Student: 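The structure under discussion is supplied below as structure tokens; questions concerning it will follow.
Predicted, not measured: the structure shown is a model, and the values here were computed from it.
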Amino acid sequence: MDKYEQVIELAKRRGFLWNSFELYGGTAGFYDYGPLGCTLKRRIEQIWRDMFVIQEGFMEIETPTVGIESVFVASGHVAGFSDPLCECKVCGEAFRADHLVEKIVPVADALSNEELDRIIRENHVKCPECEGELGETYEFNLMFKTRIGPGAGRQGYMRPETAQGMFVDFLRLARFYREKLPFGATQIGKSYRNEISPRQGVIRLREFTQAEAEIFIDPNDKSHPNIGRFADTVLNLYSGAAQEKGEIERLTLGEALEKGIIAHEFLAYQIGLTNLFLQRVGVSPDMLRFRQHKKDEMAHYAMDCWDAEVSTDRFGWIEVVGIADRTDYDLCSHAAVSRTELSIYREYPKPRMVTRFCVKPDMGKLGPLFKGKAKAVAEALKALSREELEKEDIRINVDSEDIIVPGDAVEFAEETVRVSGENIVPHVVEPSFGIDRIFYTVLEHAFDVEAVPAKEDIGEESRIILRFRNEVSPVQVAVLPLLTREELIGPARKIEARLREKGLLVSYDDSGTIGRRYRRNDEIGTPYSVTVDYETLEDNTVTIRERDSMKQVRTPIEGIEDVLYDLMYRGRDFESAGTAF
RNA sequence: GCGCCGAUGGUCUAGUGGCUAUGACUGGGGCCUUCCAAGCCCUAAACCCGGGUUCGAAUCCCGGUUGGCGCACCA
């Protein structure tokens, strides 16, 4: 059994992850989060929220998981998030149509479906499997389709990323942030991709959770006021150049910026923040690296992109976060499709005096002369140079028709005007987190099997432990009466209530022997166990047992909720929680 | 989508055509005055789905679902 198998087996058995629809045989690419899994996932999301929403101030929004067609036309997903497939009419096998013709034409992946069909027909391309005739090329789009409304309805798609909802709300967001850059919005939610063949458990899902921030910044100023915070943070960097050599470099973010490895401060800051987040939820620092996209793998609109990758036992390095400078690509696309200017007005520090050549067509003369074409004529005149406008008869071409305009129908001059600002289209820096993959990594990096001496001095037995960071543990304290007897159950129930009131996640467990219950709690990563015994009845003290060391201290019931709270959240030293014995 | 290999209680597993389907662990209830899967008693729980062959199928055949691996895919 490799580690993946052990982790998934434990996750299933203990209520972290279950295959969805298991009762009906299951469906690939979908997982249920069980009681402990759901709690763990929420706690990871809550830490993300703390860092990006509360600390960074990028407010969270919520947009629909169903989108209308225009949104994904603009984003490029309708046209580009698909592959051309072509099925054999005889054996039914499906092939990538562009792959079938790539030996015939050099740039097969740039062809339309009609062109592909034509090339297949003209070159008599047959099914590679059975030599049968091939059907028409069609697009297999990786978006789930749905219909909005009854009857024919309107075409809708399940969103393949949460990002588009935030771009679409750009103008509203800009106004909310009082039109000052930089500002950002975040979203934590489900996205959907109809993967052809999802595998690898929770690593590749058809429905998955993303936490994304879209940060709109000034394209002319990509500095970050707080970059000093991470200047000395040492990271495993795997830049494009480092990948050529196959060697990961250990550099501070400051050095990486100085050497120009990372494009700019704002991106570097997000890398620093991502590093902090991943370690806080429990990713091992030595199993974490930041890999730069090589020029040829970067999406065409991105100018620099770094993936946070974590090392996993079975799958090797997997991407868990993508941090990209998407430039103005998304806003420009949505502006073009919606025909709405998506920009922000930025005032100059000082107004500038700008001298420019200004053309003023005299519509009073052009109108009667050219009637319906007058507007087009005026537009054409505005594009001309001084030399051309100075002629007595000005020649222009409108809709491939030569037109002569009398010189007195247009005025022009150099003008100096006062310009106090300009409209700029912000660039977008996007950190995008795959929560499900991070969730799995947290489980795998926390998973440990330890040998402990067996009871009867016969060899060793193994102890399975999830060494969660306290902040993410789905159960924080187990309350255990030593024996299942009324006199011990009573006080234990009271302690349970007391801890719950403090807001701690408590589980009460009185079934089986005490040793069995400690092991059970080790397996789900409970950091502390409180045990009620007969001494409790005499002096109102209980024991607290620490998961990792298996050490115990004895401490009074009075105030125990504060002691445990401090252990959980304030890094209180375990030895100080009571008297060792 | 394709190819190869698998699928038996919650978990791991025995079972190559024939009695009521093997065992361990786990789970639940109880006993137990003392702390790391201890012991004792009781108890629950499985042949992935659908066809076929056969007197008889967990077992053989076909199809599907699902998991793993390889190919392909991963804007």
Side-chain angles (χ1 to χ4, degrees), chain A residues 1-2 4-6 8-15 18-30 34 72 75-88 91-96 98-99 109 128-129 139-143 160-161 193-201 203-205 297-302 314-315 318-319 322 329 450 452-456 458 461-465 480-485 487-488 510-523 529-538 542-547 549-552 554 581:
Chain A
M1 265 228 284
D2 69 4
Y4 171 81
E5 247 177 303
Q6 290 178 287
I8 290 294
E9 189 265 309
L10 171 62
K12 255 186 204 164
R13 201 156 41 79
R14 291 299 186 191
W18 296 320
N19 278 104
S20 296
F21 321 120
E22 215 173 11
L23 185 61
Y24 293 103
T27 297
F30 296 95
F72 302 116
S75 70
H77 287 98
V78 168
F81 197 54
S82 62
D83 299 314
L85 288 185
C86 178
E87 280 175 31
C88 171
C91 68
E93 174 104 35
F95 303 94
R96 283 283 299 272
D98 52 340
H99 290 182
D109 54 355
E129 289 291 313
E139 290 289 321
F140 180 78
N141 194 289
L142 263 18
M143 283 192 292
E161 58 177 14
R193 295 179 189 186
N194 201 2
E195 299 285 353
I196 294 172
S197 176
R199 297 258 181 88
Q200 310 172 329
I203 304 300
R204 193 116 170 263
L205 293 170
E297 77 177 294
M298 199 143 42
H300 55 285
Y301 48 79
R314 180 184 283 195
F315 309 117
I318 57 167
E319 174 195 350
Y329 176 84
E450 185 182 78
V452 290
K455 193 159 195 164
E456 309 288 333
I458 16 173
E461 58 194 15
S462 59
R463 178 169 87 108
I464 297 173
I465 317 141
L480 317 167
L482 189 64
L483 297 170
T484 322
R485 296 183 68 120
E487 62 271 30
L488 299 181
D510 66 3
S511 79
T513 61
I514 190 67
R516 189 184 298 268
R517 282 177 276 162
Y518 285 147
R519 293 304 170 83
R520 220 172 1 225
N521 277 289
D522 289 341
E523 257 194 6
S529 299
V530 170
T531 306
V532 175
D533 56 18
Y534 280 91
E535 212 176 313
T536 308
L537 303 181
E538 288 161 25
V542 289
T543 63
I544 304 177
R545 175 226 191 225
E546 186 183 47
R547 176 195 66 207
S549 64
M550 297 199 284
K551 284 183 184 158
Q552 285 181 293
R554 185 162 274 280
F581 66 96

Student: The side chain of A/Phe315 is closest to which nucleotide in this list: B/C35, B/C32, B/C69?
Tutor: B/C69

Student: I need the A/Glu523 CD to A/Ile464 CD1 distance, nearest 0.5 Å.
Tutor: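 A/Glu523 atom CD to A/Ile464 atom CD1 measures 4.5 Å (nearest 0.5 Å).
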
Student: Taking CD1 from A/Ile203 and P from B/G67, how many angstroms apart are they, rounded to a whole number?
Tutor: 14 Å

Student: Which whole number of Å gives the distance between the C1' atom of B/A57 and that of B/A21?
Tutor: 13 Å

Student: Rounded to the Å, how far apart are A/Leu483 CG and B/C32 C1'?
Tutor: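 Whole-Å distance recorded here is 7 Å.
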
Student: Rounded to whole angstrom units, what separation is found between the CD atom of A/Glu487 and the P atom of B/C32?
Tutor: 10 Å

Student: Given B/U33, B/C35, B/C12, which nucleotide is nearest the side-chain atoms of A/Thr531?
Tutor: B/C35

Student: Within this structure, what is the CZ-CZ distance for the pair A/Arg517 and A/Arg545, rounded to the nearest 0.5 Å?
Tutor: 12.0 Å

Student: For B/A37 versus B/A24, give the span between their C1' atoms, rounded off to a whole number of Å.
Tutor: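 Between the two C1' atoms, the distance is 13 Å.
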
Student: Report yes if a side-chain nitrogen or oxygen of A/Tyr24 is closer than 4.0 Å to either non-bridging phosphate oxygen (OP1 or OP2) of B/U66; otherwise report no.
Tutor: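 For B/U66, OP1/OP2 do not have a side-chain N/O of A/Tyr24 under 4.0 Å.
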
Student: Respond yes when some side-chain nitrogen or oxygen of A/Thr513 is under 4.0 Å from OP1 or OP2 of B/A38, and no when none is.
Tutor: yes

Student: What is the nucleic acid contact for A/Glu161, judged by heavy atoms within less than 4.0 Å: base, sugar-phosphate only, or nothing?
Tutor: base

Student: Is any N or O donor-acceptor pair between the side chain of A/Gln552 and the base of B/C35 shorter than 3.5 Å?
Tutor: yes

Student: What nucleic acid atoms does A/Glu195 come within less than 4.0 Å of, heavy atoms only: base, sugar-phosphate, or nothing?
Tutor: nothing

Student: For B/C35, does OP1 or OP2 lie under 4.0 Å from any side-chain N or O of A/Arg545?
Tutor: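 No, no such contact exists.
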
Student: I need the A/Leu480 CG to A/Thr484 OG1 distance, nearest 0.5 Å.
Tutor: 10.5 Å

Student: Determine the Euclidean distance between corresponding P atoms of B/G15 and B/U22; express it in Å to zero decimal places.
Tutor: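 These two P atoms come out 14 Å apart once rounded.
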
Student: Rounded to whole Å, how long is the line connecting atom NZ of A/Lys12 with atom C1' of B/A7?
Tutor: 11 Å

Student: With sequence neighbours excluded, tell me which residues meet side chain to side chain donor-acceptor pair (under 3.5 Å) with A/Arg314.
Tutor: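 So A/Arg314 forms a side chain to side chain donor-acceptor pair (under 3.5 Å) with A/Asp2.
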
Student: Counting the atoms with a prime plus P, OP1 and OP2 as sugar-phosphate, which does A/Gly25 contact under 4.0 Å by heavy atoms, base, sugar-phosphate, or nothing?
Tutor: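 Answer is sugar-phosphate: A/Gly25 comes under 4.0 Å of backbone atoms only.
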
Student: Can you tell me, in whole Å, how much space there is between the C1' of B/G6 and that of B/A38?
Tutor: 38 Å

Student: Students often get this wrong, so: under 4.0 angstrom with heavy atoms, is A/Tyr4 touching a base, only sugar-phosphate, or nothing?
Tutor: sugar-phosphate

Student: Say we look at B/C60 and B/C5: how far apart would their P atoms be, to the nearest angstrom?
Tutor: 13 Å

Student: Quick one: are A/Val78 and A/Met143 in side-chain contact, heavy atoms under 4.5 Å?
Tutor: yes

Student: Using the P atom as the point on both nucleotides, what is the distance between B/U53 and B/A58, in whole Å?
Tutor: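 My reading of the P atoms in B/A58 and B/U53 gives 16 Å.
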
Student: Quick check: closest heavy atoms across A/Lys12 and A/Trp18, and the distance to 0.1 Å?
Tutor: O-NE1, 3.1 Å

Student: Just how far, in rounded Å, is P of B/C35 from CG of A/Asp522?
Tutor: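 Rounded to whole Å, this separation is 18 Å.
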
Student: Judged by each residue's nearest nucleotide on RNA chain B, which is more toward the 5′ side, A/Glu523 or A/Gln200?
Tutor: A/Glu523

Student: Mind checking the C1' distance from B/C25 to B/A72? Whole angstroms is fine.
Tutor: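 Going atom to atom, C1' in each nucleotide, I get 41 Å.
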
Student: Over all heavy atoms of both residues, which pair between A/Tyr518 and A/Ser529 is shortest? Give the atoms and the distance, please.
Tutor: CE2-CB, 3.8 Å

Student: Among B/U11, B/U66, B/C35, find the nucleotide with the atom closest to the side chain of A/Thr27.
Tutor: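 Between B/U11, B/U66, B/C35, the one nearest the side chain of A/Thr27 would be B/U66.
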
Student: Give me, pair by pair, the N or O atoms of the protein and of nucleotides 23-29 of chain B that are less than 3.5 Å apart, along with how far apart they are.
Tutor:
residue	atom	partner	partner atom	Å
B/U26	OP1	A/Arg516	NH1	2.6
B/U26	O5'	A/Arg516	NH1	3.4
B/G27	OP1	A/Arg520	NH1	2.1
B/G27	OP2	A/Arg516	NH1	3.0
B/G28	OP1	A/Ser511	OG	2.9
B/G28	OP2	A/Ser511	OG	3.0

Student: Would you mind classifying the nucleic acid contact of A/Arg314 as base, sugar-phosphate or nothing, using non-hydrogen atoms under 4.0 angstrom?
Tutor: sugar-phosphate

Student: Can you tell me how far C1' in B/U54 sits from the matching atom in B/U59, rounded to whole Å?
Tutor: 13 Å

Student: Suppose we define a pair by two distances each less than 3.5 Å, Watson-Crick or G-U wobble; what does B/A24 pair with here?
Tutor: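 B/A24 is paired with B/U11.
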
Student: Working to the nearest 0.5 angstrom, can you tell me the gap between A/Leu482 CG and A/Thr513 OG1?
Tutor: 9.5 Å

Student: Given B/A37, B/U66, B/C35, identify the nucleotide with an atom nearest to the side chain of A/Arg519.
Tutor: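 Side chain of A/Arg519 sits closest to B/A37.
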
Student: Of the candidate nucleotides B/C35, B/A37, B/C74, which contains the atom at the shortest distance from the side chain of A/Arg204?
Tutor: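 Selected nucleotide: B/C74.
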
Student: Between A/Glu22 and A/Arg517, which has a closest nucleotide on RNA chain B that is more 5'?
Tutor: A/Glu22

Student: List for me each residue that meets side-chain contact (heavy atoms from CB on, under 4.5 Å) alongside A/Glu450, sequence neighbours excluded, and say none if there are none.
Tutor: A/Val452, A/Arg463, A/Ile465, A/Arg467, A/Met550

Student: Nearest to the side chain of A/Arg485, heavy atoms from C-beta on, is which of B/G67, B/C35, B/U33?
Tutor: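 Of the candidates, B/U33 comes closest.
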
Student: Return the minimal non-hydrogen interatomic distance between A/Thr543 and A/Arg554, and the atom names on each side.
Tutor: CG2-NH2, 3.6 Å

